[in-house]
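Structure first, commentary second.
Note that ligands are numbered from 1 as they come in the structure, with each ligand's atoms numbered from 1 the same way.
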Amino acid sequence: MMIMKFGGTSVGSAERIKAVAKLTASYEEPKMVVLSAMSGTTNSLLEIADFLAKKNTDAAQDKINLLEKQYQLVADELLSAGEYREMSYNLLREHFSYIRSFTLDLFTANEIKCLVAQGELLSTALFELYCHESGIEAFLLPALNFMRIDREQEPDHFYIKENLQRELEKYPGKSFFITQGFICRNAFGEIDNLKRGGSDYSAALIGVAMNASAIQIWTDIDGFHDNDPRFVKDTHAIAELSFDEAAELAYFGAKILHPSTILPAKVGGIPVIIKNTLDPQAEGTTITDKASGKGIKAIAAKDGITAIRVKSGRMLLAYGFMRKVFEIFEIYKTPIDMITTSEISVSLTIDDTSRLSRIIDDLKHYGTVETDHDQTIISAVGEGIAEGSNAAQSVFNALSGIPVRMISYGGSQHNISILIPSSFKSQALNALSAHLFNH
Ligand code: ADP
Ligand code: ASP
Ligand code: MG
């Protein structure tokens with residue numbers, strides 16, 4: 001079984017949905033097609049939720065009407081007049097009357113998730129209708145029947161495998177399945193999701209549960225590039241990456257993959273292949289456990305970082321200071337990305353600032369605390385680059401003139417990370433590409 005995940009742009013119009021149906025049907029191998037919402041839909045649904053949270057019902061209603069019109073146009077273009085067009089109208093009526101029901105009711109965090117889930121439910125239902133109208137025998141397996149996270153928000157692998165198996169057993173001998181990315185249930189059985197960009201993660205979790213031959217991530221670019229193409233003009237696709245390299249890049253901000261996608265694939269030993277829906281013949285990027293090539297492979301950037309420095313005069317040369325500091329982050333379930341230490345102080349970075357004021361209050365028991373907001377972590381990644389190569393020197397040469405707040409070298413063998421003010425991000429990314437890749 002092969003997993004084929006298509007992102008928002010890949011299913012972003014009637015024309016794109018038709019192309020994806022034809023492309024997936026042309027693969028003979030048994031397959032599970034995992035779809036995101038059509039591009040823009042998740043953002044629109046979140047905007048509607050935001051209007052409702054602010055009690056701006058008129059604006060929410062306008063936005064819902066607009067979204068419904070857009071979907072009607074998609075249905076008109078996707079399906080021929082007649083039985084299937086009628087079925088698509090019924091489908092849209094059902095989903096949009098559900099979406100409208102939130103304008104009357106209370107609006108809780110859980111209801112927001114039910115609202116946001118409509119994007120993937122709509123794209124997969126329309127895709128299934130188009131397949132059926134075109135004579136493609138495809139079966140929609142509801143992700144809400146098998147995709148689940150536990151109390152710690154971690155995937156419940158056992159539940160996913162058992163329940164996905166049960167869903168598949170309903171269709172003996174069949175080989176073309178469709179499901180929703182992103183959406184899942186939580187430990188209480190409520191509708192939840194795997195966070196923004198989470199369809200990649202769904203594909204990886206399904207791939208591992210089914211022991212798939214490959215997890216294909218089809219997107220709007222010809223593979224994993226050596227730098228962020230939204231900030232740097234001259235970037236290039238990388239043919240091969242190791243799981244470790246791809247995991248570091250995704251974790252440190254490369255938007256092309258949800259940060260958690262690689263770990264399950266690595267554990268299951270399943271290759272992840274990034275392909276371009278707009279150019280299916282392009283080679284793309286293959287991610288396996290094999291390390292290939294030397295030196296820095298790619299640069300990624302993670303924004304929205306806050307740096308915290310805790311300085312302890314009292315604790316000079318004392319042991320136990322670090323433990324106390326880290327314990328506070330553990331208590332508030334706030335992951336730390338980078339750490340640097342000196343004899344009397346420790347600097348660290350976080351991206352989740354939801355509990356920052358309580359963290360700072362607790363840290364103040366152990367020393368003075370300073371924070372810097374609007375920071376960006378820039379990571380240079382390549383197998384073994386932080387093991388005695390001259391990669392660090394190249395990175396620093398490239399960054400001359402840019403104020404560096406923190407440096408992390410040697411924590412991972414594959415990553416050199418620096419922290420800079422976000423206002424220097426674009427300059428830093430461009431300088432690194434020019435120096436390191438020099439195409
Ligand atoms: P999808 O909707 O298919 O999941 P995303 O928008 O989430 O697509 O991811 C693809 C986008 O990621 C690309 O269009 C590109 O702008 C951006 N991107 C950021 N960093 C990279 C990178 N290193 N390589 C390729 N694309 C990247
Ligand atoms: N539709 C979701 C989002 O926009 C999930 C995804 O596209 O992967 O974040
Ligand atoms: Mg994505």
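Under a 4.0 angstrom heavy-atom cut-off, G197 registers as being in contact with ligand 2. For the ligand labelled ligand 2, residue G198 lies inside the 4.0 Å heavy-atom shell.
For atom 9 (O) of ligand 1, the candidate residues are I256, T235, I221; the nearest heavy-atom contact is made by I256. Between A250, G197, P229, it is P229 that holds the heavy atom closest to atom 21 (C) of ligand 1.
Side chain to side chain, T376 and D303 meet the donor-acceptor criterion of an N or O pair below 3.5 Å. Under 3.5 Å, the side chains of S417 and N415 contain a donor-acceptor pair of N or O atoms. Of the N and O atoms on the side chains of S379 and Y251, not one donor lies less than 3.5 Å from an acceptor on the other residue. A donor atom on one side chain and an acceptor atom on the other are not found under 3.5 Å apart for T108 and N110. A donor-acceptor contact closer than 3.5 angstrom links the side chains of E248 and S412. Using modelled atom types and a 3.5 Å distance limit, the side chains of E29 and S213 yield a donor-acceptor pair. Residues S202 and Q180 have side chains that never bring a donor and an acceptor to within less than 3.5 angstrom of each other.
Annotation: A254 places no N or O atom under 3.5 Å from an N or O atom of ligand 1; distance criterion only. Checking only distances, T219 does come within under 3.5 Å of ligand 1, N or O to N or O. Of the N or O atoms in K5, none lie within a sub-3.5 Å distance of an N or O in ligand 2. Looking at F182 next to ligand 2, no N or O pair under 3.5 Å apart turns up. Ligand 2 has no N or O atom lying under 3.5 Å from any N or O atom of D200, backbone or side chain. Where the criterion is an N or O separation shorter than 3.5 Å, residue side chain and backbone included, D220 meets it with respect to ligand 1.
From the protein, the heavy atom lying nearest to atom 19 (C) of ligand 1 is D228 OD1, 3.5 Å. Considering only non-hydrogen protein atoms, atom 4 (O) of ligand 1 sits nearest to K5 NZ, 3.1 Å. Among protein heavy atoms, atom 2 (O) of ligand 1 sits closest to G8 N, 3.1 Å. Closest to atom 5 (P) of ligand 1 among all protein heavy atoms lies K255 NZ, 3.7 Å.
Counting heavy atoms from C-beta on, the side chains of T9 and T277 never come closer than 4.5 Å.
Of all the atoms in ligand 2, the ones that sit under 4.0 Å from a non-hydrogen atom of S36 are 6 (C), 7 (O), 8 (O). Of all atoms in ligand 1, numbered sequentially from 1 with element shown, those under 4.0 Å from a heavy atom of G223 are 24 (N), 25 (C). Ligand-side atoms of ligand 1 in range of F224: 23 (N), 24 (N), range being under 4.0 angstrom from any heavy atom. Listed by number with element, the atoms of ligand 2 under 4.0 angstrom from any heavy atom of S199 are 5 (C), 6 (C), 8 (O). The distance from ligand 2 to the heavy atoms of R196 drops below 4.0 Å at these ligand atoms: 3 (C), 4 (O), 9 (O).
Partner of D192 under the salt bridge (charged side-chain N to carboxylate O under 4.0 Å, His left out) criterion, chosen from R185, R148, K113: K113. Just one of N227, D222, D228 meets the side-chain hydrogen bond (donor to acceptor under 3.5 Å, both in side chains) condition when paired with H225; it is D222.
In this structure, K425 forms a cation-pi arrangement with F231, its terminal cationic atom sitting closer than 6.0 Å to the ring centre and no more than 45° off the ring axis. Note that R355 lies outside the cation-pi zone of Y332, set by a 6.0 Å cut-off to the ring centre and a 45° limit from the axis.
With a heavy-atom cut-off of 4.0 Å, N227 touches ligand 1 through its backbone alone. Contacts between H225 and ligand 1 below 4.0 angstrom, taking non-hydrogen atoms only, involve backbone and side chain alike. Under 4.0 angstrom from ligand 2, the non-hydrogen atoms of E120 all belong to its side chain. Neither the backbone nor the side chain of H258 comes within contact range of ligand 1; no heavy atom lies under 4.0 Å.
Between the side chain of H435 and the backbone N or O of V395 there is no donor-acceptor pair closer than 3.5 Å.
For E47, the CD atom is densely surrounded, since the number of other residues' heavy atoms within 6.0 Å is greater than 12.
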